[in-house]
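Every value quoted in this text rests on a predicted model; they were computed, and no experiment measured them.
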Amino acid sequence: MGWGGGGGGWGGPGGGGMFQASSNTGLPFGGIPSELMEEATKIVSTEPKHKPSAITFSQLPSESEKLPLTLFRMVKAFPGYVLWGSLLTIVISLVLQAGPKLTEYAINNGMTKGHRSLTVIAVCGILYLVVAVGGAVLQRLQIVVTGRLAARVMHELRVRVFTHFQRLSLDFFTDEKAGVLMSRMTSDIENLQQLIQDGISSFALQGLTMAVITVVLFSTNVVLATWTILLIVPLLFVFSIWFHVASEKGYLLSRDRIANVLADLSESLYGIRVVTANNRQKRNMLNHQHVVGAYRDANMYTGRVNAIYGPTTSMIGIIGQGILLSIGGNMVLDHKLSIGALIAFFLYLNRFFSPIQLLVQQYNALQQGRSSIIRLRELLQTSPSVDEEVNAPDLPTIEGRMTFENVSFGYLEGRPVLENINLEIAPGESVAFVGPTGAGKSTMAKLANRFYDPTSGRVLLDGVDIKTVSLHSLRSQLGVVPQEAFLFAGSIKTNLSFGREGISDEEIEDAIDVVGLRDLVERLPQGIDTIVHERGQTLAAGERQLLALARAFLARPRVLILDEATSSLDLRSETIIERALDRILEGRSAILIAHRLTTAQRANRIVVIDHGGIVEMGTPKELLAKGGAYAGMYNAWLESGGRDATRSDV
Ligand code: ATP
């Protein structure tokens with residue numbers, strides 16, 4: 001399911017399983033046009049019905065998830081498919097070798113002097129046909145089995161990687177480019193799928209075929225077989241080792257570089273507005289050409305290595321066959337070998353080389369798959385920096401007393417951002433953080449929410465160190481309204497009921513009235529069922545902010561952390577937001593990262609932060625009377641007409 005791209009489509013969050021007709025005028029895409037509805041219904045009715053899966057999420061990985069990712073562990077979970085796949089591979093590798101033996105038998109017993117027999121030739125011919133058809137049927141079965149195995153393994157892996165992303169901490173996503181992570185989920189997982197679907201079975205089949213043929217060659221003629229093993233195999237072996245080293249380097253390089261291409265692409269698409277507004281198109285193209293060029297170079301290197309290996313192994317095989325022909329021919333003349341046996345030997349010899357050729361081709365898939373496994377293993381082994389203790393208890397329902405106790409923190413080692421912060425926020429108290437940009441206000445909020453852990457000191461909620469309780473119970477009592485309100489593709493209703501399960505429509509309608517969104521909802525064609533686009537691009541900044549406030553209100557947190565948007569709003573929106581805030585903050589403790597002095601003035605207490613420390617603290621009245629940093633900021637604000645942000649003036 002899931003049509004409709006950014007529009008959320010049907011059955012998605014907003015659709016509630018119903019189709020959305022495109023009467024959402026004013027939005028670029030609001031659902032399925034009514035004239036297509038019948039056709040769409042038909043298509044959907046043909047889709048397989050999947051039972052909703054029972055999802056459990058735990059912050060801590062299970063014992064099996066802690067083990068490093070290996071191909072063996074991945075396929076081990078599906079023993080039935082592995083067993084059938086292996087059995088079929090063995091049978092196929094044996095069945096396919098019957099042809100030359102039948103040829104040898106037909107020549108020696110049906111075509112040579114004294115042994116002429118049409119019956120022998122006909123029976124051998126029919127058996128040849130039976131073996132060919134049987135082999136094809138078995139191969140088809142094998143492809144079905146390995147295809148299913150690959151699909152199941154990939155499904156598990158996709159879910160596992162996604163779950164891992166849900167567990168990782170904020171610093172991981174800050175450090176890693178989104179595009180690189182996307183490439184792990186796309187190209188790396190696809191490589192693995194290819195490997196399991198075709199690579200391994202083909203590799204196993206060719207390897208087994210070589211083993212079977214080696215036995216058959218020795219059983220046909222020991223002298224010729226020994227020459228083959230002494231002459232050709234060592235050369236191929238040495239050459240294959242060179243290829244292994246060279247191509248591994250190439251594939252690792254190309255994996256890294258495709259990740260860079262995807263990272264650059266996603267960044268450019270994400271920031272397309274900034275790119276266009278700043279006329280950065282040409283520079284962006286240059287940059288993209290650079291990363292795409294690096295990827296091309298890596299692919300060309302791999303191509304060169306393949307171009308050397310493939311033809312050279314062919315050449316070694318052909319020269320070897322020439323030498324063996326002269327040795328075998330002499331043996332026939334000396335009556336040490338029958339013609340049938342020589343022909344069979346050469347037929348087998350060709351079959352001995354073709355697996356080598358195929359192995360070379362499959363080797364690419366194997367290399368790609370191997371480097372993808374390495375990357376995915378590394379990814380799955382990164383552990384969240386903010387971790388939950390094993391069997392961490394839930395945080396009991398709190399009153400809302402938040403304490404920063406000697407808290408120091410830095411994102412990078414040796415570069416402290418906050419130093420020795422001591423602050424207590426009483427239950428129900430709202431505290432505004434003000435200060436210049438980069439002072440550490442948002443960092444304080446991130447520590448309060450346990451997006452990061454302090455380098456030293458503790459953050460306590462009702463006297464409990466937040467590091468010791470389960471993250472789920474902690475965050476279910478904390479509400480965060482970020483500076484940039486993020487809306488997901490889906491209906492307004494789904495976006496609002498994000499923070500808590502089981503929110504009723506009445507509660508949503510109530511929240512809409514509380515934050516003053518009624519006007520907006522009434523203007524929208526389908527009210528709260530209207531689909532908003534990914535990241536809420538079809539809404540105004542103020543509207544997005546109000547939706548984020550409504551979301552926080554509905555989550556009913558005990559402590560609210562609000563990082564006020566820096567973008568200036570018009571007076572009317574500001575008034576609506578101030579009013580919404582008054583309602584939402586009722587009876588709640590709150591940290592307000594205030595960029596508007598009107599917000600700071602409404603708080604019970606103001607904390608002025610500068611250079612990673614608290615420089616001033618008190619009620620708005622006290623701080624104004626004191627005539628310190630905050631008073632200076634306030635006076636400058638008044639002089640500028642009361643429309644400046646707080647931080648630049650400290
Ligand atoms: P503003 O009002 O502009 O949002 P702020 O007071 O909230 O500023 P913070 O976001 O807390 O400031 O940042 C404090 C310092 O930490 C800044 O110097 C910033 O550059 C740095 N910083 C923030 N996030 C990171 C990060 N993920 N990695 C490294 N340094 C960071």
Side-chain angles (χ1 to χ4, degrees), residues 87-143 201-202 204-233 236 313-362:
L87 266 179
L88 284 165
T89 308
I90 294 169
V91 175
I92 292 167
S93 69
L94 290 173
V95 166
L96 291 184
Q97 303 321 319
K101 272 283 166 214
L102 288 169
T103 312
E104 179 186 353
Y105 190 84
I107 292 173
N108 285 346
N109 298 294
M111 301 177 200
T112 48
K113 247 189 196 166
H115 290 96
R116 288 176 183 274
S117 163
L118 199 61
T119 320
V120 169
I121 296 173
V123 169
C124 285
I126 291 168
L127 281 178
Y128 208 113
L129 200 74
V130 170
V131 165
V133 173
V137 170
L138 289 174
Q139 278 180 313
R140 181 177 175 272
L141 258 177
Q142 193 217 23
I143 292 170
S201 56
S202 178
L205 183 63
Q206 305 313 330
L208 262 176
T209 305
M210 277 180 71
V212 170
I213 293 179
T214 309
V215 173
V216 178
L217 284 179
F218 272 96
S219 72
T220 309
N221 189 284
V222 177
V223 178
L224 280 183
T226 311
W227 273 111
T228 310
I229 299 297
L230 289 180
L231 249 169
I232 305 168
V233 173
L236 287 179
T313 48
S314 292
M315 190 186 70
I316 294 172
I318 292 165
I319 294 173
Q321 281 187 42
I323 298 170
L324 288 172
L325 183 66
S326 56
I327 299 171
N330 263 326
M331 290 170 78
V332 172
L333 291 179
D334 293 346
H335 301 288
K336 288 180 185 158
L337 188 69
S338 69
I339 293 260
L342 182 69
I343 292 174
F345 191 91
F346 267 85
L347 285 175
Y348 279 122
L349 201 61
N350 269 324
R351 289 179 176 220
F352 183 70
F353 290 129
S354 67
I356 297 177
Q357 298 283 318
L358 281 169
L359 281 178
V360 174
Q361 284 162 19
Q362 292 303 331

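- In this view, Thr103 satisfies the side-chain hydrogen bond (donor to acceptor under 3.5 Å, both in side chains) rule with no residue, not counting sequence neighbours.
- Within the structure, side chain to side chain donor-acceptor pair (under 3.5 Å) contacts touching residues 325-337 (residues at least two apart or in different chains) do not occur.
- Annotation: salt bridge (Lys or Arg N to Asp or Glu O under 4.0 Å) contacts involving residues 98-111, sequence neighbours excluded, comprise Lys101-Glu104.
- Within 6.0 Å of CG in Leu230 there are more than 12 heavy atoms belonging to other residues, nucleotides or ligands.
- One distance of note links CD of Gln139 with CG of Leu205; it measures 6.5 Å at 0.5 Å rounding.
- With sequence neighbours excluded, the residues satisfying side-chain hydrogen bond (donor to acceptor under 3.5 Å, both in side chains) with Gln142 are Thr89.
- By the side chain to side chain contact (heavy atoms under 4.5 Å, CB included) test, Ile143 is found to be paired with no residue, residues two or more places apart in sequence or in another chain being considered.
- Atom-to-atom distance recorded for Ile232:CD1 and Thr313:OG1 is 12.0 Å, nearest 0.5 angstrom.
- For the side chain to side chain donor-acceptor pair (under 3.5 Å) condition, no pair includes a residue of residues 216-229, sequence neighbours left out.
- Under the rule for a side chain to side chain contact (heavy atoms under 4.5 Å, CB included), the partners of Val130 that lie at least two apart in sequence or sit in another chain are Ile126.
- Atom CD1 of Ile92 is separated from atom CG of Leu141 by 8.0 Å, given to the nearest 0.5 angstrom.
- Qualifying side chain to side chain contact (heavy atoms under 4.5 Å, CB included) partners for Ile229, counting only residues two or more places apart in sequence or in other chains: Thr214, Phe218, Val233.
- Closest approach of Ser93 to Thr209, counting heavy atoms only: CB-OG1, 3.8 Å.
- In this view, Ser338 and Asn108, Ala341 satisfy the side chain to side chain contact (heavy atoms under 4.5 Å, CB included) rule, not counting sequence neighbours.
- Here the OG1-CG distance, from Thr119 to Asn109, works out to 12.0 Å after rounding to the nearest 0.5 Å.
- Note that CG of Leu208 and CE of Met210 are 11.0 Å apart. Values are rounded to the nearest 0.5 Å.
- Ile327 CD1 to Leu224 CG: the interatomic distance, rounded to the nearest 0.5 Å, is 6.5 Å.
- Across all their heavy atoms, Leu324 and Phe346 have their closest contact at C-CZ, 3.9 Å.
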